[in-house]
Amino acid sequence: MKETFTVSEKELPELAEKVIQTLSRGYEGGARVVLLEGDLGAGKTTFTKALGQALGIQAEDIFSPTFILKKEHKGEHVLFSRLVHIDAYRFEHEDEAKVLKLHEDLEKNGTLIVIEWPSQMGWRDGDITIRFTVLDEETRNIEIEYASSHA
């Protein structure tokens, strides 16, 4: 199932809450994965900050891990107490993703994994895929595609 929204930056927290509620339905452990696609400056990291805040993480602690590739945060959410934020923008080949040890994160209960630029690392297996398109300086078109188990 797909949904499309036109939002401003200040509406992202509400959208982040909706995503977390969707991922919480039927949660039985392990990790949930959110894939973020869109051009540079489209709002992927800003949305990740909104997700983090919904999990009880300070927004200023969340930044794009472009050069460190992966950053982990501890949250206070009842189901998702760990946020793993990956930025694959700099990847030139899918094999580079091995250093992330993503398979280990996928097995950890209470983990929400957010991957910016998942196509750069050949990752297509997400619970939710969100595509950001810039409409103007303050407005984004956001398309959310849910995996069949979350529709």
Side-chain angles (χ1 to χ4, degrees), residues 1-91 97 100-102 104-121 123-135 138-151:
M1 180 176 93
K2 289 184 185 179
E3 291 184 284
T4 304
F5 303 90
T6 300
V7 299
S8 66
E9 184 176 329
K10 65 183 172 187
E11 295 170 300
L12 289 178
E14 183 178 321
L15 194 58
E17 286 286 348
K18 176 182 173 49
V19 167
I20 289 173
Q21 287 174 2
T22 300
L23 293 172
S24 296
R25 277 184 278 187
Y27 180 74
E28 296 179 3
R32 295 283 200 224
V33 180
V34 177
L35 307 178
L36 304 180
E37 294 281 7
D39 292 334
L40 284 170
K44 297 178 298 296
T45 300
T46 303
F47 181 74
T48 303
K49 286 178 185 245
L51 280 174
Q53 285 183 289
L55 299 177
I57 302 165
Q58 296 295 316
E60 60 269 8
D61 292 338
I62 300 174
F63 53 88
S64 185
T66 303
F67 295 100
I68 58 173
L69 306 178
K70 176 178 164 181
K71 178 88 170 121
E72 296 181 27
H73 305 275
K74 296 242 185 263
E76 300 172 2
H77 188 268
V78 67
L79 294 179
F80 303 111
S81 59
R82 184 170 172 258
L83 174 68
V84 175
H85 183 192
I86 296 170
D87 186 333
Y89 177 73
R90 295 176 358 125
F91 283 28
L100 300 174
K101 299 182 181 178
L102 192 52
E104 293 176 11
D105 294 317
L106 290 167
E107 295 174 3
K108 293 183 180 174
N109 288 333
T111 300
L112 179 61
I113 300 170
V114 177
I115 305 175
E116 295 187 39
W117 305 93
S119 56
Q120 292 291 104
M121 57 187 269
W123 197 270
R124 292 166 188 78
D125 190 22
D127 295 287
I128 295 179
T129 300
I130 304 174
R131 291 176 187 83
F132 295 79
T133 305
V134 176
L135 298 179
E138 297 189 16
T139 312
R140 304 295 186 258
N141 185 68
I142 297 178
E143 180 185 273
I144 301 178
E145 184 174 354
Y146 303 93
S148 58
S149 59
H150 298 290

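Keep in mind the model is a prediction, meaning the values are calculated, not measured. Hydrogens, waters and symmetry mates play no part in the numbers below; they use all other heavy atoms, side chains included.
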Query raised in the report: Quick check: are there more than 12 heavy atoms from other residues, nucleotides or ligands sitting under 6.0 Å from CD of Glu60?
Result: yes
Report summary line: So side chain to side chain donor-acceptor pair (under 3.5 Å) across residues 73-85, not counting sequence neighbours, yields Glu72-Arg82, Arg82-Asp105, Arg82-Thr111, His85-Glu116
Report task. Say whether, by atom type as modelled, one donor and one acceptor occur between the side chain of Asn109 and the main chain of Gly30 under 3.5 angstrom. Result -> yes
Query raised in the report: Considering the options Leu55, Val34, Leu79, which one meets the side-chain contact (heavy atoms from CB on, under 4.5 Å) requirement together with Ile20?
Result: Leu55
Query raised in the report: Quick one: does Val134's side chain get under 4.5 Å of Asp39's, heavy atoms only?
Result: no
Report task. Apply the side-chain contact (heavy atoms from CB on, under 4.5 Å) test between Leu112 and each candidate in Asp127, Val84, Leu83; give the one that qualifies. Result -> Leu83
Query - From CG (Leu35) to CD1 (Ile128), nearest 0.5 Å - result: 9.5 Å
Query - Beyond-backbone contact of Tyr89 with Leu40, side-chain heavy atoms, under 4.5 angstrom - result: yes
Requested in this report: Any chance you could measure Ile62, atom CD1, to Ile57, atom CD1, to the nearest 0.5 Å?
Outcome: 5.0 Å
Requested in this report: State, yes or no, whether a side-chain contact exists between Asp125 and Val33 at a heavy-atom distance under 4.5 Å.
Outcome: no
Query raised in the report: At what distance, to the nearest 0.5 angstrom, does NZ of Lys49 lie from CG of Asp61?
Result: 9.0 Å
Query raised in the report: What pairs meet the side chain to side chain donor-acceptor pair (under 3.5 Å) rule with one or both residues in residues 4-18, with sequence neighbours excluded?
Result: Glu3-Lys18, Ser8-Glu11
Report task. Any chance you could lay out the side-chain contact (heavy atoms from CB on, under 4.5 Å) test for Ile86 and Trp123, step after step, and finish with the verdict? Result -> CA-CA 11 Å; Ile86 296 170; Trp123 197 270; over 6 Å; no
